[in-house]
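Along the sequence shown, residues are numbered consecutively beginning with 1. Just so it is clear, the structure is predicted and the values come from calculations on it, not from any experiment. Every heavy atom of this structure was used, including side-chain atoms; hydrogens, water molecules and symmetry mates were not.
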Amino acid sequence: MFLFRIYLRLQLKILAKLAIRKHKMELIVISGWYGTEVAKELLYDVISKQNGIKVRRNIKEVWWDFTIPLSILGYRDRKRNFIEWWWLLTRAWTYLILGPSNPHTLILSVDSNVESIVKYWGSFIKPDILLVLNDNEDKLIIEKLIKNVDKEKGMIIYNDDTLRKSLKKLLKKHSTFTYGRDKGNDLVVKQNKQSIEMKYKKSQIKINTKNLRGFSDLILGGITATALSLEINIEDIGFEAVKFQIPTRLLAKIKSNLIEDKL
């Protein structure tokens, strides 16, 4: 069984790489130590409302090394027996060889501190846009993802208030988009008791905090910065943020985490 798992791991890696290439996937990867799931859902809402953009995202929480390749391939993330895995590989290879190309954008929330998993994912995840939502020195995956972004074609979006200096040194030759509370950022995000204000170039919006559910000013800033890099209007982003409601499955997870913290 151990040898089969090694074989399966390799097959999923190869299939994921081929699927990204065949379907000309634009990979938007979100990483950080909190808020990534909510950010992913809000970003998906914003992008999916735009004409001409076909988008999907990983829905199930990342819980093992196979979650990400299965999300890329578009298969349900669950454990399978030997026959079920064999059948999945057969279908995946058949579709990649004979099926039509399906260009689209894929949003992935990626998180792991396990070195072997970070190395595995890093062998096939090459973000076109990387959003470092927030930073933590324990997050091995962030450094790996930064190194995987193409220095000519890719974009790295980060919160200048929180990214550690050692990672900023890696960004010198990359295209970047910063967001934060200081005026020097590409997107300036400020929050008070009544509202969140965001300013980008000559555009500015103000959102009443009562209309925002489940995310902070800097999570909203990260999503807005990412959407702006896709040339989505800042007013449209704000409109979708006001309408956004956290999915029931995420609410259940958040409540569960809060209960565990209290215990």
Side-chain angles (χ1 to χ4, degrees), residues 1-33 36-37 40 43-44 54-133 138-156 167 170 174:
M1 192 66 184
F2 177 72
L3 291 177
F4 177 69
R5 194 184 195 285
I6 294 175
Y7 171 76
L8 182 59
R9 206 171 190 252
L10 176 61
Q11 286 289 305
L12 290 174
K13 166 187 167 179
I14 294 171
L15 285 165
K17 292 175 73 171
L18 290 175
I20 292 168
R21 187 185 309 166
K22 178 181 178 70
H23 300 303
K24 299 181 177 66
M25 292 185 201
E26 179 181 40
L27 291 184
I28 301 177
V29 179
I30 303 174
S31 193
W33 68 280
T36 55
E37 290 295 310
K40 178 190 64 183
L43 182 60
Y44 173 79
K54 190 174 184 180
V55 61
R56 62 186 180 93
R57 83 285 198 202
N58 59 325
I59 296 177
K60 191 166 184 178
E61 180 183 1
V62 178
W63 64 286
W64 66 332
D65 49 347
F66 291 173
T67 294
I68 297 300
L70 286 172
S71 297
I72 291 172
L73 293 170
Y75 288 103
R76 185 181 173 191
D77 179 18
R78 64 177 180 85
K79 288 188 176 181
R80 295 170 168 85
N81 60 38
F82 178 85
I83 295 175
E84 289 173 324
W85 280 119
W86 177 83
W87 179 235
L88 183 148
L89 293 178
T90 302
R91 285 186 295 159
W93 276 111
T94 302
Y95 182 69
L96 281 174
I97 294 171
L98 302 177
S101 176
N102 178 30
H104 62 279
T105 297
L106 174 61
I107 305 172
L108 293 173
S109 58
V110 178
D111 180 27
S112 179
N113 291 328
V114 181
E115 190 171 355
S116 61
I117 294 179
V118 170
K119 184 177 180 181
Y120 177 59
W121 289 346
S123 65
F124 57 86
I125 299 176
K126 314 293 180 184
D128 295 288
I129 298 175
L130 170 63
L131 168 58
V132 182
L133 194 62
D138 294 333
K139 293 298 178 185
L140 302 175
I141 191 67
I142 293 176
E143 182 174 351
K144 183 63 176 177
L145 291 171
I146 287 175
K147 291 178 179 179
N148 280 3
V149 175
D150 189 287
K151 292 182 179 180
E152 295 182 2
K153 300 177 181 179
M155 170 75 72
I156 298 175
L167 292 185
L170 299 175
H174 283 92

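The side-chain heavy atoms of V29 and W121, taken from C-beta on, include no pair separated by under 4.5 Å. The shortest side-chain heavy-atom distance between F124 and I68 falls under the 4.5 Å cut-off. The shortest distance between side-chain heavy atoms of V62 and D111 does not fall below 4.5 Å. Here the side chains of K54 and N102 are in contact, with some heavy-atom distance below 4.5 Å. With a 4.5 Å cut-off on side-chain heavy atoms, Y95 and L73 do not count as touching. Inter-residue side-chain proximity for L130 and I146 is flagged as met; some heavy-atom pair is nearer than 4.5 Å. Side-chain contact check for D77 versus W64: some heavy-atom pair is nearer than 4.5 Å. Proximity of L88 to L12: side-chain heavy atoms (C-beta onward) are separated by under 4.5 Å at one or more points.
S112 contributes no side-chain N or O that, together with a main-chain N or O of V118, makes up a donor-acceptor pair within less than 3.5 Å. In this structure, N58 contributes its side chain and S109 its backbone to a donor-acceptor pair below 3.5 Å. In this structure, the side chain of H174 engages the main chain of V149 through a donor-acceptor pair within 3.5 Å. In terms of modelled atom types and a separation under 3.5 Å, the side chain of R56 and the main chain of I72 share a donor-acceptor contact.
The stretch residues 68-91 participates, sequence neighbours left out, in these ring-ring contact (aromatic ring centres under 6.0 Å, His included) pairs: F4-F82, F66-W85. Applying the side-chain hydrogen bond (donor to acceptor under 3.5 Å, both in side chains) test to every pair with at least one member in residues 3-28, sequence neighbours left out, gives these pairs: R5-D65, R9-D65, Q11-W93, E26-T105.
Residue N148 comes nearest to G122 through the heavy atom pair ND2-O, 2.8 Å, listed as atom of the first residue, atom of the second, then distance. Across L96 and A19, no two heavy atoms sit closer than the pair CD2-CA, 3.7 Å.
Atoms CD1 and CG, from I20 and L27 in turn, are 4.5 Å apart once rounded to the nearest 0.5 Å. From L140, atom CG reaches atom CG of L145 across 11.0 Å, with rounding to the nearest 0.5 Å. Annotation: the span from L131 atom CG to I107 atom CD1 amounts to 10.5 Å, rounded to 0.5 Å. Between the OG1 atom of T36 and the CD atom of E61 there is a distance of 9.0 Å, given to the nearest 0.5 Å. Separating the CZ atom in R80 from the CG atom in L70 is a distance of 6.0 Å, to the nearest 0.5 Å. Distance check, rounded to the nearest 0.5 Å: CD1 of I129 to CD1 of I156 gives 11.5 Å.
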Take K147 and L170 through the test side chain to side chain contact (heavy atoms under 4.5 Å, CB included) and record every step on the way to the result.
-> CA-CA 8 Å; K147 291 178 179 179; L170 299 175; 4.3 Å; yes
Stepwise side chain to side chain contact (heavy atoms under 4.5 Å, CB included) test for E143 and L167 = CA-CA 7 Å; E143 182 174 351; L167 292 185; 3.8 Å; yes
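At most 12 heavy atoms of other shown residues, nucleotides or ligands fall within 6.0 angstrom of atom CD in E115. Applying the 6.0 Å contact sphere to CD1 of I6 captures more than 12 heavy atoms from other residues, nucleotides or ligands. Within a 6.0 Å radius of CZ in R76, no more than 12 heavy atoms belonging to other residues, nucleotides or ligands are found.
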